[in-house]
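To start, the structure under review is shown below, and the notes come after it.
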Amino acid sequence: MMKITMNGQSVEVEAGQTLLQAARQHGIHIPTLCYHHQTGATGKCRLCLVEVEGMRGLQTSCTVEVRDGMIVKTESDAIRSARRLVVDLLLSSGRHDCLACERNGSCELQDAAYELGIERPTFTQDTTTEIDDSAEFVYRDHSKCIKCGRCIVGCNQVVSNEVLDFGFRGHDTKVICDDDLPMGKSSCVQCGECVQLCPTAALIDKKSIGKGRGWQLDKVNTTCPYCGVGCQMTLHVDRKRNRVIRVTGRDIAPNNGMLCVKGRYGFEFHASPKRLTEPLIRKTANWFL
Ligand code: SF4
Ligand code: SF4
Ligand code: SF4
């Protein structure tokens, strides 16, 4: 253990922790977009900037490890103005029409813009309008991608499916499947891990489109009914229509957020008219039936 000073308060931290982890452990909020505890630190989005005494310029708190005696500020005018610019540029580089967006109300980019008081993007940039509707369960909207890389790490290192990567260069950089194939023609197994990790509406569960915003749906925790692994999941339920709208993996053992294609997308059977609602009792039976 060691001691650092954060926003004027002395706090105990563990050696090897990053400033971001230490701040979160002590209830100090630092906004992030590319960081996710499943996919780790990349320092890509530059939103988690902090001031560290003795270090030049602002530092990305997700990549700087704590050192004994460090003096850190997580809020200041300079930090806020740098964070505002980061979010402004991200919003400006995409097509972020929140009113019509599936993730309105459950989008980390929107949350960051709200927190920083950004009403609309300052800059105008040519942006892609590329949509990939080729896959059975995952809908891709490149215009809402902020290139955080979470989906790529999730696909390659969390679920080890090795489908996604960044392709092309500079302004043309985008997330590609295999050698830039449409997702539906690629080696993607539609596990949906990338959708669960995406902070924006760049990746969406196709089955849930237009069926309700996140906050309108009740969350019901349960165990996947398919195999013996016993994956823990949350059903997002429309009570009025008595329908499951989407399924997400819970971040606990044994699956730590992951689900397979059956668990995540094979949920409509609960409303099948063929489903047994009363027990069947065989009244006559013999060895040959
Ligand atoms: S992805 Fe987020 S910021 Fe972009 S339009 Fe949708 S809700 Fe708004
Ligand atoms: S759905 Fe699964 S396999 Fe397909 S790209 Fe996403 S994480 Fe990779
Ligand atoms: S698709 Fe989503 S998770 Fe992947 S890089 Fe774009 S914003 Fe990040």
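Source: prediction; values computed, not measured. Both counts, for ligands and for their atoms, begin at 1 and track the order of listing.
Under the 3.5 Å distance criterion, the side-chain polar atoms of K3 are left unmatched by any main-chain donor or acceptor of G69. Counting only distance, with no hydrogens or angles, the side chain of D88 and the backbone of T122 share a donor-acceptor pair below 3.5 Å. In this structure, Q196 contributes its side chain and E193 its backbone to no donor-acceptor pair below 3.5 Å. The main-chain N or O of Y35 is found under 3.5 Å from a side-chain atom of R150 such that the two form a donor-acceptor pair. Side chain of D132 to backbone of S134: a donor-acceptor contact under 3.5 angstrom is found.
Taking atom 4 (Fe) of ligand 1 as reference, the nearest N/O/S atom within H96 carries the name ND1.
A cation-pi contact links K207 to F267, judged by a cut-off of 6.0 Å to the six-membered ring centre and 45° from its axis.
If you look at C34 next to ligand 3, there are no close heavy atoms at all, none under 4.0 Å. Within the 4.0 Å heavy-atom criterion, both parts of C198, backbone and side chain, lie near ligand 3. Under 4.0 Å from ligand 3, the heavy atoms of K147 that appear belong solely to its backbone. The part of V175 lying near ligand 3 is the side chain, judged by heavy-atom distances below 4.0 Å. When heavy-atom distances to ligand 1 are checked against a 4.0 Å cut-off, C107 comes that close only through its side chain, counted from C-beta outward. Only the backbone of Q190 comes within 4.0 Å of ligand 2, judged by heavy-atom distances.
Using cut-offs of 30° and 60° for the angle between ring planes, the Y265 and F137 rings count as parallel.
From the protein, the heavy atom lying nearest to atom 4 (Fe) of ligand 3 is C151 SG, 2.3 Å. In terms of protein heavy atoms, atom 1 (S) of ligand 2 is closest to G192 N, 3.2 Å. Ranking protein heavy atoms by distance to atom 8 (Fe) of ligand 3, first place goes to C148 SG, 2.3 Å. Ranking the protein heavy atoms by distance from atom 6 (Fe) of ligand 3 puts C145 SG, 2.3 Å first. Protein heavy atom at the shortest distance from atom 5 (S) of ligand 2 is L164 CG, 3.6 Å. When hydrogens are left out, the protein atom nearest atom 7 (S) of ligand 3 is I146 N, 3.4 Å; that is the closest non-hydrogen contact. C191 SG, 2.3 Å is the protein heavy atom nearest to atom 2 (Fe) of ligand 2.
Every atom of ligand 1 with a heavy atom of A201 under 4.0 Å away is listed here by number and element: 1 (S). Residue contact check: T200 has heavy atoms under 4.0 Å from atoms 1 (S) of ligand 1. Interface of C194 with ligand 2, defined as ligand atoms under 4.0 Å from a residue heavy atom, comprises 1 (S), 5 (S), 6 (Fe), 7 (S). Atoms of ligand 2 lying under 4.0 Å from at least one heavy atom of M183, given by number and element, are 5 (S). Distances below 4.0 Å separate heavy atoms of L203 from the following atoms of ligand 3: 1 (S). If you number the atoms of ligand 3 from 1 as listed, the ones under 4.0 Å from a heavy atom of A202 come out as 1 (S), 2 (Fe). Set against the non-hydrogen atoms of C188, the atoms of ligand 2 under 4.0 Å away are 1 (S), 3 (S), 4 (Fe), 5 (S). With ligand atoms numbered from 1 in the order given, ligand 1 contributes 5 (S) to contacts under 4.0 Å with heavy atoms of D97. Close contacts of ligand 1 with K144, meaning ligand atoms under 4.0 Å from a residue heavy atom, involve 1 (S), 5 (S).
V13 and I30 end up in the same hydrophobic cluster when Ile, Leu, Val, Met, Phe, Trp and Tyr side chains are linked at under 4.5 Å. Both V11 and M70 belong to a single network of hydrophobic side chains, linked directly or stepwise wherever heavy atoms of I, L, V, M, F, W or Y lie under 4.5 Å apart. Linking Ile, Leu, Val, Met, Phe, Trp and Tyr whenever their side-chain heavy atoms come within less than 4.5 Å puts M233 and V244 in one cluster.
Remark: of the listed residues T222, N255, T223, T223 is the sole one forming a side chain to side chain donor-acceptor pair (under 3.5 Å) with Q232.
With respect to D205 and R246, a salt bridge is recorded, a charged nitrogen being found less than 4.0 Å from a carboxylate O. Under 4.0 Å is where a charged nitrogen must lie from a carboxylate oxygen, and between R80 and D77 no such pair does.
Counting non-hydrogen atoms of other residues, nucleotides and ligands closer than 6.0 Å to CZ of R213 gives a total above 12.
Considering only non-hydrogen atoms, atom 3 (S) of ligand 2 lies nearest to N161 out of V153, I152, N161.
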